[in-house]
There are 2 protein chains.
Amino acid sequence: MKKVTMADVSRQAGVSKSTVSQYLNGRFNYMSSETKDRIQRSIEELGYSPNSVARSLRQKKTKTIGVIVANILHDFSTQVVRAIEDYCHACGFTVIICNADDQPDKERHYIDMLRAKQVDGLIVFPTNANSELFQGLVKENYPLVFIDRFIEGVRVNNVLFDNKKAMSLAVQTLRGKGYERIGLVTASLEGAITPRQERRDGFMAAMEEQGLPIHDEYIQSSNIDQIKDVLADMLQSTERPEAIIAGNDRVLQEVLKTMKQNDIDVPKEIGLLTIDDVTFAEFYNPAITAIAQPTYEMGRKAAELLLEEIDGTKGSKKQTYRFEPSLQLRHSC
Amino acid sequence: MKKVTMADVSRQAGVSKSTVSQYLNGRFNYMSSETKDRIQRSIEELGYSPNSVARSLRQKKTKTIGVIVANILHDFSTQVVRAIEDYCHACGFTVIICNADDQPDKERHYIDMLRAKQVDGLIVFPTNANSELFQGLVKENYPLVFIDRFIEGVRVNNVLFDNKKAMSLAVQTLRGKGYERIGLVTASLEGAITPRQERRDGFMAAMEEQGLPIHDEYIQSSNIDQIKDVLADMLQSTERPEAIIAGNDRVLQEVLKTMKQNDIDVPKEIGLLTIDDVTFAEFYNPAITAIAQPTYEMGRKAAELLLEEIDGTKGSKKQTYRFEPSLQLRHSC
DNA sequence: CTGAAAGCGCTTACAG
DNA sequence: CTGAAAGCGCTTACAG
């Protein structure tokens with residue numbers, strides 16, 4: 001149970017702590033190989049392993065970053081997080097994930113906690129209600145990257161999906177299949193959440209571009225747990241849409257449940273296309289046509305940008321990176 | 001950018017660091033309310049927030065635990081992790097997740113790293129190849145809990161699914177539906193991974209109990225990426241099984257792909273039941289009958305056990321906790 | 001009711 | 001080529 005420390009090693013090896021520290025950090029410019037051997041042997045004999053808390057305190061860096069996810073229930077988030085972890089681990093960084101659960105005060109709480117833990121930087125899917133807090137971090141030059149969403153006026157690197165292009169691709173695809181009355185279902189628009197907002201706007205623009213009529217009743221946004229009702233209404237209307245776009249993976253689930261409950265045949269009775277590719281899309285009956293985000297690339301990019309900022313090597317010009325949608329054409333439309 | 005420290009606060013408030021520290025830790029037994037006010041005001045004015053790295057070094061505890069998941073690709077793992085995080089956050093603990101990716105050396109690496117970071121304890125889904133390492137931790141009295149899998153001879157608290165009962169329930173259910181030639185597909189049995197092993201054994205036992213014939217060709221275990229082939233063979237055989245049990249969520253995906261590719265109608269041509277409930281089970285066509293693990297309860301239990309061990313309140317008798325399966329009867333069999 | 005001092009386990013100029 | 005010393009930002013007996 002007794003922890004062995006550097007002092008123990010130095011005593012055992014008959015050298016000073018400084019020397020052990022140099023050895024550990026690979027600074028053996030002029031270290032005699034005899035000394036090295038002695039230290040190495042002592043380390044092994046004692047089973048020493050360095051205490052990185054002490055190291056962090058001294059060096060004022062923890063080689064740890066924090067990730068605050070707005071809502072971990074999205075497959076998108078999970079995949080992005082995976083990419084971030086892969087990249088960071090490869091670079092010797094640890095990552096701490098926190099789930100804000102779409103609650104601004106949880107987000108705030110986690111930011112405080114992570115900063116107290118002295119994490120070297122933060123990647124966040126922001127909730128859009130703590131902009132002063134983020135402004136403060138920016139002013140301090142605290143390494144910070146936004147992903148999936150951004151906040152107007154907060155100057156950080158943003159890693160975003162090209163939602164406009166995605167919607168244009170979606171509408172074009174459906175149009176190409178002969179659908180004209182197209183509906184869109186997204187999660188609640190409250191809180192001005194970037195992707196939902198942009199997808200809705202992008203949808204409008206794309207419909208117009210394609211010269212398709214926009215029916216307000218076909219464009220619905222509501223809380224996840226109310227989507228089934230909203231959708232059922234839409235499907236019962238006298239002239240229902242010929243095809244529907246699900247705004248994200250969570251919405252898709254609700255759409256599929258509704259279709260099943262109401263015994264609606266996809267694609268015979270109604271076409272379906274979703275934003276976000278999901279595991280089961282490929283083997284669902286019918287296989288679901290999806291517009292995929294390059295989740296892995298996006299996560300990796302966010303991690304790269306953050307670690308660069310932490311290194312302080314690159315200049316600090318902040319940018320917004322938009323990632324391209326890709327169409328996975330299957331059988332639901 | 002300049003960090004404000006406790007010394008700054010004490011100077012501003014005109015008291016000693018000790019007093020500030022007492023204040024922060026809520027030990028104001030005899031502190032004058034005037035002093036308290038002064039300190040509080042200084043903290044706000046300076047925007048002070050305590051450095052938990054320093055605190056951790058001093059107190060020799062980090063209020064952080066590590067979780068090492070064997071393979072994060074299982075929904076089960078993700079859900080368990082979520083439960084662990086919820087419980088730990090509620091108790092003021094941070095959690096660091098690492099994915100061993102089924103590789104014992106990654107597991108070893110993460111254990112070292114987490115210990116260097118001085119985490120207060122570990123919850124692990126062990127790979128079964130580092131038993132000496134774990135033995136070492138146990139000998140040191142290092143707080144450690146296993147979940148999902150266990151290792152023979154390592155005396156820790158184990159949180160496990162009752163796989164035997166699950167298989168018995170599975171076989172019974174199928175039997176009740178009139179199926180007699182039942183197959184089982186699991187992921188590779190290499191590495192003696194607890195749930196697979198136990199599910200297979202449990203399957204055998206249950207079949208025998210039910211007086212059903214065991215056909216060796218119907219019992220297959222292989223790497224995830226070979227399951228499709230194995231299964232296709234099984235389905236092509238002259239007398240194919242009437243129903244199939246998928247050993248876990250990843251296997252289920254492969255089974256569904258194969259069914260789809262070979263145009264096999266579930267449940268008309270073959271019955272299907274899976275271990276592990278998955279998001280899409282409910283709205284898949286057909287809805288999939290599943291035997292669910294109480295993932296949330298299991299994660300929570302593991303977290304509780306670990307935090308108790310860290311507190312050192314409870315005695316240290318180690319136990320194995322088995323969690324009950326529950327049947328989600330749907331339409332795939 | 002409050003403060004001075006030691007110490008947690010490292011790293012890092014600096015001296016020799 | 002190696003060591004003594006200071007210090008990172010806290011907490012905690014202990015003294016008064």
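Values below: every heavy atom of this structure, side chains too, minus hydrogens, waters and symmetry copies. A, B, ... follow the sequence lines: proteins, then strands. Residue 1 opens every chain.
- Residue contacts for T35(A): at a heavy-atom cut-off of 4.0 Å it reaches the sugar-phosphate backbone alone, with no base atom in range.
- Pairs passing the ring-ring contact (aromatic ring centres under 6.0 Å, His included) check and including a residue from residues 40-72 of chain A, sequence neighbours excluded, do not occur.
- Salt bridge K139(B)/E132(B): absent, no basic N to carboxylate O contact under 4.0 Å.
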Extract all donor-acceptor atom pairs below 3.5 Å that involve side chains of residues 87-105 of chain A and protein atoms in other chains or at least two apart in sequence.
from, atom 1, to, atom 2, distance (Å)
H89(A), ND1, E85(A), O, 3.3
H89(A), ND1, Y110(B), OH, 3.0
N99(A), OD1, I72(A), N, 3.2
N99(A), OD1, D101(A), N, 3.1
D101(A), OD2, K106(A), NZ, 3.4
D102(A), OD2, N71(A), ND2, 3.1

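- Applying the side chain to side chain donor-acceptor pair (under 3.5 Å) definition to pairs two or more places apart or across chains, those involving residues 51-61 of chain A are N25(A)-R55(A).
- For the pair K301(B) and F323(B), the cation-pi criterion (under 6.0 Å, within 45° of the ring axis) is not fulfilled.
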So what does the secondary structure string of DNA chain D come out as, 5' to 3', with Watson-Crick or wobble pairs under 3.5 angstrom, [ ] for crossing and | for pairs with another strand? |||.||||||||.|||
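- In terms of the ring-ring contact (aromatic ring centres under 6.0 Å, His included) criterion, F161(B) has no residue partners (sequence neighbours excluded).
- Side-chain contact check for Y296(A) versus D86(A): some heavy-atom pair is nearer than 4.5 Å.
- For dG3(C), one of the phosphate oxygens OP1 or OP2 lies less than 4.0 angstrom from a side-chain nitrogen or oxygen of S16(B).
- Open room surrounds CZ on R155(A); 12 or fewer heavy atoms of other groups in view lie less than 6.0 Å from it.
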Contact string for nucleotides 8-16 of chain D, one letter per nucleotide 5' to 3', B = base within protein heavy-atom range under 4.0 Å, S = sugar-phosphate only, - = neither, reads BBBBB----
